[in-house]
Amino acid sequence: MDATTLINSFRVDGKVAVITGAGSGIGRASALALAGAGATVVCADIHHDTATETAEEIVAAGGTAEGVRLDVSNRGDVDALAARVATERGGIHIWANIAGIMVEGPFLDAPEADLDRILAVNLKGVFFGCQAAGRIMVTQPEGGSIINASSAAADAPSPNIVSYAICKAGVVQMTKSLAIEIGKKGVRVNAVAPGFVLTGMTGRYFIRPDGTVDEEMQEAVIGPMRKHTPLRSIGEPEDIAAAVLYLASDAARFMTGQVVRPNGGVAMV
Ligand code: NAP
């Protein structure tokens, strides 16, 4: 492959992508990255307004996108979205399961309702997305690429996030097992495991209800993160979107069942 062909293999022109969690943070940045590289992007989020905002940003920049409300924990809705997109857009080539939530608290006191809630979104939601996308992709001559959001929490245990960590570890195993099962059909399944990234999920530690930033609290959260990260920085959503784009594209045509770790070096596996 010559250099021009190689750099062009990072483009995703003509591909149809569905991104969950596309209304915020890493999902939003991934949607913008894929659209910028040529994909038609279906921006799905539990919040219709933010999903639509991401899609509108893509369209304003000259791309093709739509925003839809989707609760990834609702299997029927996930299946229906996949079926509609495949019919209307001529297939699904990229599906990124990025939507996720955080539930925190001491393990010994964790309520069952909290466990059910996080399993429903972070584990079953990814399962449903993989299933819906996989069923369509295995029928396509061109196959497809599924990307799942895991976390450094699956590599480097931290206190008070046990339910989150087991979901993210489950996502890794789901990714590998599914990759084995459908690789022969030309469908690749990989995961990204980000380190600490400033998003809605992490910003809630220091963003007040009125939207202003508690700077003292922000430094109290981010300072130690930076200090314990070999690169001495925290991530931006685009740092993860770059990995999503790579895994989605033909540049990663020989990658499946892998976990890519844009994490500043905080975990090395
Ligand atoms: P984010 O900014 O909170 O974005 C996630 C989006 O998904 C939000 O709009 C969220 O809505 C939405 N969502 C929640 N439940 C949903 C559901 N049932 N169906 C559809 N959408 C739903 O979070 P992020 O930081 O970008 O995280 C994206 C992914 O990366 C997550 O899977 C997260 O676990 C993972 N991750 C993040 C970090 C980090 O440091 N940020 C590190 C490692 C891994 P709400 O705002 O209402 O919840």
Side-chain angles (χ1 to χ4, degrees), residues 18-33 42-55 67-78 80-81 95-104 114 116-130 132 147-158 161 163-172 174-175 191-207 209 211 221-222 225-226 228-229 233-241 243-244 259-264 266-267:
V18 177
I19 315 289
T20 75
S24 177
I26 293 166
R28 177 179 169 278
S30 299
L32 294 172
V42 177
C43 304
D45 198 284
I46 198 152
H47 304 289
H48 185 254
D49 56 344
T50 57
T52 303
E53 278 167 26
T54 303
V68 296
R69 183 189 182 276
L70 176 72
D71 179 351
V72 296
S73 69
N74 185 319
R75 181 183 218 157
D77 287 358
V78 175
L81 176 67
W95 184 292
N97 292 302
I98 308 295
I101 58 171
M102 172 63 83
V103 172
E104 271 178 289
D114 281 2
D116 288 343
R117 191 160 62 91
I118 198 164
L119 287 171
V121 179
N122 289 13
L123 198 56
K124 289 176 75 176
V126 176
F127 190 103
F128 298 152
C130 285
I147 300 126
N148 297 326
S150 179
S151 169
D155 298 324
S158 305
I161 56 166
S163 58
Y164 180 81
I166 61 176
C167 289
K168 295 305 183 181
V171 165
V172 168
M174 194 186 323
T175 299
V192 285
F196 188 91
V197 180
L198 206 45
T199 65
M201 181 180 280
T202 48
R204 70 202 166 89
Y205 297 115
F206 46 81
I207 295 173
V221 172
I222 291 178
M225 294 284 178
R226 279 208 192 92
H228 293 111
T229 302
S233 65
I234 58 163
E236 295 184 19
E238 291 71 21
D239 295 322
I240 316 308
V244 171
V259 182
V260 175
R261 296 181 167 81
N263 64 16
V266 81

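As the structure lists them, so they are numbered: ligands from 1, and atoms in each ligand from 1.
Contact residues of ligand 1 (protein heavy atom closer than 4.0 angstrom to a ligand atom; sorted by chain and number): G21, S24, G25, I26, D45, I46, H47, L70, D71, V72, I98, A99, G100, I101, V121, A149, S150, S151, Y164, K168, P194, G195, F196, V197, T199, G200, M201, T202.
Side chain of T54 to main chain of A22: a donor-acceptor pair is present (N/O by atom type, distance under 3.5 Å, no hydrogens or angles). Formation of a donor-acceptor pair under 3.5 Å by the R69 side chain with backbone atoms of I46 is found in this model.
Atom CZ of F127 has 12 or fewer neighbouring heavy atoms from other residues, nucleotides or ligands inside a 6.0 Å radius.
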Atom pairs and distances, donor-acceptor, side-chain atoms in residues 163-172, under 3.5 Å, two or more places apart:
{"residue": "K168", "atom": "NZ", "partner": "A149", "partner atom": "O", "Å": "3.0"}

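The side-chain contact (heavy atoms from CB on, under 4.5 Å) test with L81 is passed by exactly one of T20, N74, V68: V68.
In this structure, the side chains of E236 and L198 stay at 4.5 Å or more apart for every pair of heavy atoms.
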